[in-house]
Amino acid sequence: MNKHFLGDTAVLLGRSLRHIVRSPDTIITTVVTPIAMLLLFVYVLGGAIRTGTGSYVNYLLPGILIITIASGISYTAYRLFQDLQGGIFERFQSMPIARASVLWAHVLTSLVANMISLVVVLLVALVMGFRSGTGVLGWLAVAGILVLFTLALTWLAVIPGLTASSVDGASGFAYPLIFLPFISSAFVPTESMPGPVRAFAENQPVTSIVDTLRALFTEQPVGSDIWTALAWCIGILVVTVAFAMRTYRRRIS
């Protein structure tokens with residue numbers, strides 16, 4: 001059964017990746033917003049923002065990486081919706097393939113596309129002056145957290161992709177996720193925020209993830225932030241996978 005599932009997922013993954021290769025504008029569109037924000041905040045607003053650190057691009061980049069992922073996962077919902085409307089799922093049901101492989105192919109496609117987008121944004125940040133002294137283990141930890149967060153948000157995107165009644169409804173859910181980093185420590189320290197806003201910012205998932213990435217980039221102690229970040233990522237992932245699979249079974253039954 002495992003071999004059957006893995007083989008089917010690999011074939012469907014290849015199908016989805018070919019769509020991205022034929023339409024590279026998917027990745028281009030994904031990185032435009034984060035890069036524009038990076039340029040705006042560093043070169044226009046950065047001089048007026050006090051973070052207590054050296055280079056503002058170093059402070060800002062973790063939050064921009066989170067926004068990049070939030071921008072990219074909307075395409076998962078969009079592609080799922082298009083497949084449902086186009087009758088592809090019904091065709092797959094008539095074939096001897098593992099049912100779960102259909103969703104996993106979309107999820108892994110999202111992971112690959114988002115990793116490419118993150119690399120592009122990181123390269124732009126390097127040109128703008130971003131520097132990190134962290135070693136191989138630090139970069140592996142950063143990559144691991146970004147992969148886990150991407151998987152968590154992608155499975156979240158699967159749900160509207162399966163349940164939306166329109167293209168706008170399928171992809172539009174990502175907009176609140178894109179703006180969530182603005183109420184976190186991504187752009188300014190939470191200490192500068194008024195009481196209720198600060199309480200929300202310090203207890204939502206983006207802040208712990210951003211603070212962990214920032215500490216890893218600067219070789220600072222991560223403290224309890226990394227455990228909070230992992231708890232958020234794993235918790236969201238477990239809940240969304242369960243709910244998405246349940247929704248998928250109902251949709252194709």
Side-chain angles (χ1 to χ4, degrees), residues 33-74 77 114 118 121 125 141-142 145-146 148-157 159-160 163-164 168-169 171-218 220-244:
T33 298
I35 290 175
M37 288 184 180
L38 191 61
L39 293 169
L40 173 66
F41 276 88
V42 172
Y43 292 131
V44 179
L45 303 175
I49 298 175
R50 299 289 178 263
T51 62
T53 60
S55 172
Y56 185 58
V57 68
N58 284 7
Y59 183 92
L60 180 65
L61 181 61
I64 296 297
L65 295 178
I66 297 302
I67 290 175
T68 304
I69 295 171
S71 299
I73 53 98
S74 63
N114 275 288
L118 289 172
V121 172
V142 167
I145 292 171
L146 291 175
L148 193 58
F149 187 65
T150 301
L151 288 173
L153 286 196
T154 299
W155 276 104
L156 179 61
I159 299 169
T163 58
D168 292 337
S171 56
F173 88 99
Y175 293 122
L177 299 178
I178 294 173
F179 288 103
L180 194 59
F182 287 91
I183 315 175
S184 72
S185 63
F187 295 91
V188 296
T190 56
E191 290 80 4
S192 64
M193 301 176 184
V197 178
R198 177 178 178 179
F200 175 80
E202 291 180 346
N203 293 283
Q204 58 121 320
V206 172
T207 292
S208 59
I209 296 170
V210 164
D211 288 347
T212 299
L213 295 176
R214 191 176 289 133
L216 290 169
F217 279 139
T218 57
Q220 298 297 316
V222 294
S224 62
D225 284 329
I226 189 169
W227 302 113
T228 305
L230 290 174
W232 272 112
C233 290
I234 294 172
I236 294 171
L237 180 60
V238 169
V239 172
T240 52
V241 168
F243 194 77

- Query: Any side-chain heavy-atom pair from Leu216 and Ile145 closer than 4.5 angstrom?
  - Reply: yes
- Task: Hey, could you give me the CD1/CG distance between Ile234 and Leu151, rounded to the nearest 0.5 Å?
- Result: 11.5 Å
- Message: Checking side-chain polar atoms at under 3.5 Å, does Glu202 have a donor or acceptor matched by the opposite partner on Thr190?
- Response: yes
- Who are the side-chain hydrogen bond (donor to acceptor under 3.5 Å, both in side chains) partners of Gln204, not counting sequence neighbours? none
- Message: Do Thr150 and Asn114 pair up side chain to side chain, a donor and an acceptor below 3.5 Å, judged on atom types alone?
- Response: no
- Report yes if the side chains of Ser184 and Phe200 come closer than 4.5 Å at any heavy-atom pair, otherwise no. no
- May I ask you to check whether over 12 heavy atoms, not counting those of Phe179, lie within 6.0 Å of atom CZ? no
- Message: Give me the atom names and distance for the closest heavy-atom approach of Ser185 to Tyr59.
- Response: O-OH, 3.0 Å
- Query: If only atom types and distance count, is the side chain of Arg214 paired as donor or acceptor with the main-chain N or O of Asn58 below 3.5 Å?
  - Reply: no
- Message: To the closest 0.5 Å, what do you measure between CG (Asp225) and CG (Leu230)?
- Response: 11.0 Å
- Note on the structure: Between the CZ atom in Phe149 and the CG atom in Leu153, the distance rounded to the nearest 0.5 Å is 4.0 Å
- Query: According to the interplanar angle, ranging from 0 to 90°, do the rings of Phe41 and Phe187 count as parallel (below 30°), tilted (30 to 60°) or perpendicular (above 60°)?
  - Reply: tilted
- Item | Evaluation steps, side-chain contact (heavy atoms from CB on, under 4.5 Å), between Ile209 and Thr228 | CA-CA 8 Å; Ile209 296 170; Thr228 305; over 6 Å; no
- Give the C-alpha distance, both sets of side-chain angles, the deciding distance and a yes or no for side-chain contact (heavy atoms from CB on, under 4.5 Å) between Ile66 and Leu180. CA-CA 10 Å; Ile66 297 302; Leu180 194 59; over 6 Å; no
- Kindly indicate whether the side chain of Leu177, heavy atoms from C-beta on, has any atom under 4.5 Å from the side chain of Ile73. yes
- Message: Just verifying a value: how many Å separate Arg198 CZ and Thr207 OG1, rounded to the nearest 0.5 Å?
- Response: 11.0 Å
- Task: Heavy atoms only: give me the nearest Cys233-Ala152 pair and the separation to one decimal.
- Result: O-CB, 3.6 Å
- Query: Which value, rounded to the nearest 0.5 Å, describes the distance between Ser74 atom OG and Ile69 atom CD1?
  - Reply: 13.0 Å
- Message: Measuring from atom CG of Leu237 to atom OG1 of Thr154, what distance do you get when rounded to the nearest 0.5 angstrom?
- Response: 9.5 Å
